[in-house]
Amino acid sequence: MPPHKPSIGILTSGGDCPGLNAVIRAAVKSSERLGYDCVGFLRGYEGLVDPVSYMPLTARNTAGILTQGGTILGSTNKGRFSATVGENQRVDLDPSLLEAVATTVRQLSICGLICVGGDGSLTIAQQLHEHGIPVVGVPKTIDNDLGATAFTFGFDSAVACATDALDRLHTTAASHERIMVLEVMGRHAGWIALHAGIAGGGDVILLPEIPWSFEHVCRKIRERDSEGKKFTLVVVAEGAHLPGAGTVHRQDAKSEAAGYYQQVRLGGVGEIVTAELTRLLDREVRTVVLGHLQRGGNPTTFDRVLATQFGAHAVRLIHQGQFGQMVCYRPPNIESVPIAEAVRTLSRVDPGSSAVQAARALGISFGDATELASPFAGRCGDDGPSRG
Ligand code: F6P
């Protein structure tokens with residue numbers, strides 16, 4: 001019998017997103033070319049421990065998955081490996097669980113384990129690394145909230161979905177002269193709301209990063225009314241803070257009863273915004289909660305390219321023995337950073353960023369007072385450079 005080839009393991013953990021299969025395919029194809037076998041663990045980290053569950057991955061059995069949404073390996077964001085409960089709150093995994101993972105890795109001759117996940121899943125990867133397990137991380141999340149990478153794959157696809165929803169809402173809102181409130185995902189970051197709001201012609205964008213008030217939202221709607229624009233599109237990020245209150249959560253008592261930790265589930269702010277606008281304006285207001293549609297479906301071309309590069313680079317890191325690293329996109333290059341560093345820095349929308357400035361310049365309201373003063377206040381040439 002020929003000796004076993006060293007194997008590269010891969011798992012997808014946390015909420016799914018378009019592009020996971022593209023990472024798997026890229027990792028498998030590039031592993032094979034370097035002489036490794038590949039195994040995929042099922043249902044995220046759960047597949048690493050009793051009952052250990054995995055499938056051999058080959059170029060043949062992963063053919064055709066580049067374009068598919070979801071993950072052929074399955075994923076979960078709860079269970080024994082939940083390592084974050086809130087922002088920057090780490091829960092240490094049980095040492096016996098870490099030891100069980102180490103045993104599986106040894107028994108299957110895994111020389112490197114690719115953990116594909118968001119900040120919570122990468123916090124677990126870091127703990128495996130600290131336990132001596134050879135891991136590399138690949139960031140994924142529709143939320144685009146990891147500071148170490150300019151973009152995560154999944155984000156562009158989610159924005160495309162939310163933009164499509166706004167395009168559709170536009171025509172029906174205009175026909176019925178209604179105010180439509182679209183609640184989008186993103187957790188504590190407003191990236192999806194901001195990008196979809198700009199791309200989909202939103203009139204008001206409410207973000208976790210910019211404090212807002214109903215007074216200013218109503219003012220914008222009345223201003224549009226007076227200009228003869230009888231409808232308004234409001235995009236609200238699920239993590240937007242209600243004025244004078246906090247974020248809106250869904251009740252989820254189940255996880256506590258089951259004895260595992262889970263991050264709070266955001267959601268519901270859209271309904272509250274709708275109820276309050278109806279009361280304040282005495283107008284017809286409707287809510288659409290886009291929810292998991294943003295996570296499903298085929299990845300966009302951008303996400304396919306990014307995910308493919310991430311998968312290939314993760315294999316390269318393993319081949320070079322660079323463990324404890326996470327691949328990242330620093331345009332125009334794919335690079336890597338220590339996972340520990342990557343999970344520490346969450347990325348949020350900068351209220352002074354050029355995207356926000358451009359939106360304000362177009363008259364998009366963020367529900368705050370700033371739109372009253374134009375960011376380009378002053379006439380052309382006032383206080384500007386001398387034209388000699
Ligand atoms: O992190 C990705 C994400 O889709 C968030 O935008 C959202 O808040 C959360 O996951 C939803 O998680 P679940 O799949 O548990 O409903």
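Side-chain atoms are counted along with the backbone in the values below, which use heavy atoms only and exclude waters and symmetry mates. Ligands are counted one by one from 1 in listed order, and the atoms in each one are counted from 1 as well.
Summarising the contacts of atom 11 (C) of ligand 1 with Arg265, Arg295, Arg187, the nearest heavy atom is found in Arg295.
When each atom of ligand 1 is checked for a heavy atom of Gly186 under 4.0 Å away, the hits are 6 (O). Ligand 1 places these atoms under 4.0 Å from at least one heavy atom of Glu238: 5 (C), 6 (O), 7 (C), 8 (O).
Asp225 and Lys229 are not joined by a salt bridge, as no carboxylate oxygen comes within less than 4.0 angstrom of a charged side-chain nitrogen. Looking at Arg80 and Asp94, no side-chain N of the basic residue comes within less than 4.0 Å of a carboxylate O on the acidic one, giving no salt bridge. A salt bridge links Arg360 to Asp368: one of the charged nitrogens lies within less than 4.0 Å of a carboxylate oxygen. In summary, Asp203 and Arg224 engage in a salt bridge, as defined by a charged side-chain N under 4.0 Å from a carboxylate O. With respect to the salt-bridge test (charged N to carboxylate O, under 4.0 angstrom), the residues Arg279 and Glu276 qualify.
The part of His292 lying near ligand 1 is the side chain, judged by heavy-atom distances below 4.0 Å.
The shortest N or O to N or O distance between Leu266 and ligand 1 is not under 3.5 Å.
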